[in-house]
Amino acid sequence: MQKRFLLGALSLSAALTLTACASNNEGMDSNRMHHEASMESGEDMNQGGMGDMMDHGNVPSLLSSEGTNELPIPPLLEKQQGQDYDYEVIAQEGITEFFKGISTETYGYNGDLLGPTLKIEEGKSVDVKITNELDESTTFHWHGLEVASEIDGGPSDEIQPGESRIVTLQADQPAATLWYHPHVHEMTAEQVYRGLSGMLLIDSSNSEDSTIPNKYGVNDIPLIFQDRLFDEDKQLDYDNLMDEDGTLGDISMINGTLNSKLTITEPIMRFRLLNGSNARNYTFSLSNGASFTQIASDGSLLDEPVEVEELILAASERAEILIDFSKLTSEESLALVNDEGVELLPFDVELDASTADSTEMWTTEEPFLSQEEKEMPVEKNIELFGMMDMVTINGKKFDPNRIDLRQKQGVTEVWEVYNKKDMMGGMIHPFHVHGTQFKVISRDGKEVTPREQGLKDSVLVNPGEKVKLLVTFPEKGVYVFHCHILEHEDGGMMGQIEVY
Ligand code: C2O
Ligand code: CU
Ligand code: CU
């Protein structure tokens with residue numbers, strides 16, 4: 001990172017010169033393709049037999065937020081005093097009142113729903129005691145953290161009811177917005193659906209050069225987006241609600257709350273967006289059409305901040321954005337909306353006229369990928385295919401006793417991930433790899449836009465698309481890779497790689 005410029009009241013023009021064309025990028029824009037049935041490979045299917053069940057098209061619209069609840073901020077996990085560990089995370093059952101006067105049974109970490117935010121300073125390590133107080137086994141997976149496979153919390157890492165363990169989490173990677181959630185074999189989707197998820201931040205705000213807003217809960221706001229379907233009794237009865245192709249709901253939840261709004265008191269706000277839903281893709285934009293600045297992808301800052309008008313996140317993806325509220329007139333109402341114009345998060349802008357703020361931004365002179373990296377041959381081919389419970393990777397379903405791929409520790413390889421269309425035209429699969437932060441090289445041979453030029457651990461792969469990744473594993477061990485539509489993952493759209 002070299003040249004710097006300012007975003008904010010002091011110098012807006014510089015930020016605007018960086019206008020990139022992320023919103024024109026076909027690759028990123030095509031979640032609308034989700035429902036296009038091309039019938040390519042299914043011409044021989046008789047129509048009567050297709051039925052409703054095989055249609056990818058039933059994505060229920062979300063209801064707009066009524067803005068009646070101030071958005072809650074997940075508390076920061078507090079450091080333990082006088083213990084032989086730094087933090088404690090307990091998976092437990094709880095009761096949440098989503099609807100007035102109605103108790104919904106939920107799961108949470110250290111509480112009734114979701115979990116506190118665990119912040120680890122870049123380069124530091126912390127000991128975390130993980131405890132399972134549920135009636136069923138669970139795991140604690142640190143999504144995006146490059147940890148040894150023994151503590152990765154993958155499906156082979158179950159913690160039985162009543163058991164505890166201490167894990168050492170080492171944050172040897174750039175500052176980023178990561179998250180944690182269970183990963184227990186065939187029960188991940190249900191446990192997440194009931195409420196187990198939390199944010200995990202690698203933080204470098206103590207380093208002198210950080211002028212990005214970093215007052216947690218003030219101008220640095222975590223936003224966990226999840227959609228939920230409740231049954232008639234307003235319960236999250238997963239067995240009855242689940243859809244093998246990804247459970248979708250009409251209720252939008254942010255940080256575990258319905259109908260939220262956010263009061264803005266600082267001109268430049270940083271939002272850490274996590275798509276924590278089981279399956280839904282979110283396309284975010286501002287209701288007035290204004291652009292905002294994306295600064296980070298899943299696993300790092302972007303090479304350069306990029307102005308975007310919309311942003312799509314598939315399940316498990318994250319992005320950090322800055323919104324400059326000082327540019328708005330106070331009468332203008334503003335909300336974060338999705339591609340249907342549904343208000344996800346209305347803002348109540350209450351800026352003091354005297355507040356001026358600025359954020360130092362950066363540009364990078366080195367290219368995101370070297371020529372050498374761009375020309376590396378493909379070493380691994382991954383084919384994602386299928387739908388409902390017939391999902392596979394390279395034609396196979398997950399088998400905990402099978403190693404699907406092998407790669408040498410510290411050696412960089414190119415993976416080509418192909419989302420093969422099915423008879424209904426296919427659907428987006430978010431492809432996720434444990435134990436690594438990779439770079440996306442290209443989509444169908446085209447170099448990715450600036451908004452994907454940062455480290456990633458999950459990548460949206462459109463139907464029919466081939467995405468090339470540059471993958472290195474810093475640690476040895478056995479890791480899983482899978483589709484992050486949680487029902488696909490539980491349905492076997494997952495494999496294992498041995499890093500040796
Ligand atoms: Cu978010 Cu395999 O995990
Ligand atoms: Cu993960
Ligand atoms: Cu999938």
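Counting starts at 1 for both ligands and their atoms, following the listed order.
Within the coordination shell of atom 1 (Cu) of ligand 1, defined by N, O or S atoms under 2.8 Å, H181 is present. Backbone or side-chain N, O or S atoms of H484 reach atom 1 (Cu) of ligand 1 at under 2.8 Å. Counting backbone and side-chain atoms alike, H432 contributes an N/O/S atom closer than 2.8 Å to the Cu ion (ligand 2). Counting backbone and side-chain atoms alike, H183 contributes no N/O/S atom closer than 2.8 Å to the Cu ion (ligand 2). At a cut-off of 2.8 Å, H484 does not coordinate the Cu ion (ligand 3) through any N, O or S atom. Within the coordination shell of atom 1 (Cu) of ligand 1, defined by N, O or S atoms under 2.8 Å, H143 is present.
Taking all atoms of both residues into account, the shortest heavy-atom contact from F481 to I497 is CE2-N, 3.8 Å.
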### Query
Where do Y109 and Y180 land on the ring-ring contact (aromatic ring centres under 6.0 Å, His included) test, with the steps shown first?
CA-CA 10 Å; Y109 292 114; Y180 60 99; 5.0 Å; yes

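Just one residue in the list H143, H432, H141 forms a ring pair (Phe, Tyr, Trp, His ring centres under 6.0 Å) with H183, and that residue is H141.
Considering just the N/O/S atoms of H488, the one nearest the Cu ion (ligand 3) carries the name ND1. Restricting H141 to its N, O or S atoms, the one at the least distance from the Cu ion (ligand 2) is NE2.
When only modelled atom types and interatomic distance are considered, D404 and Q496 share no side-chain donor-acceptor pair under 3.5 Å.
Atoms ND1 of H429 and SG of C483, as seen from the Cu ion (ligand 3), are separated by an angle of 120°, to the nearest 10°.
Two rings, from F225 and F284, have their centers less than 6.0 Å apart. For F398 and H185, the ring centers sit closer than 6.0 Å to each other.
In this structure, H181 and H484 have perpendicular ring planes: the angle between them is above 60°, well past the 30° mark.
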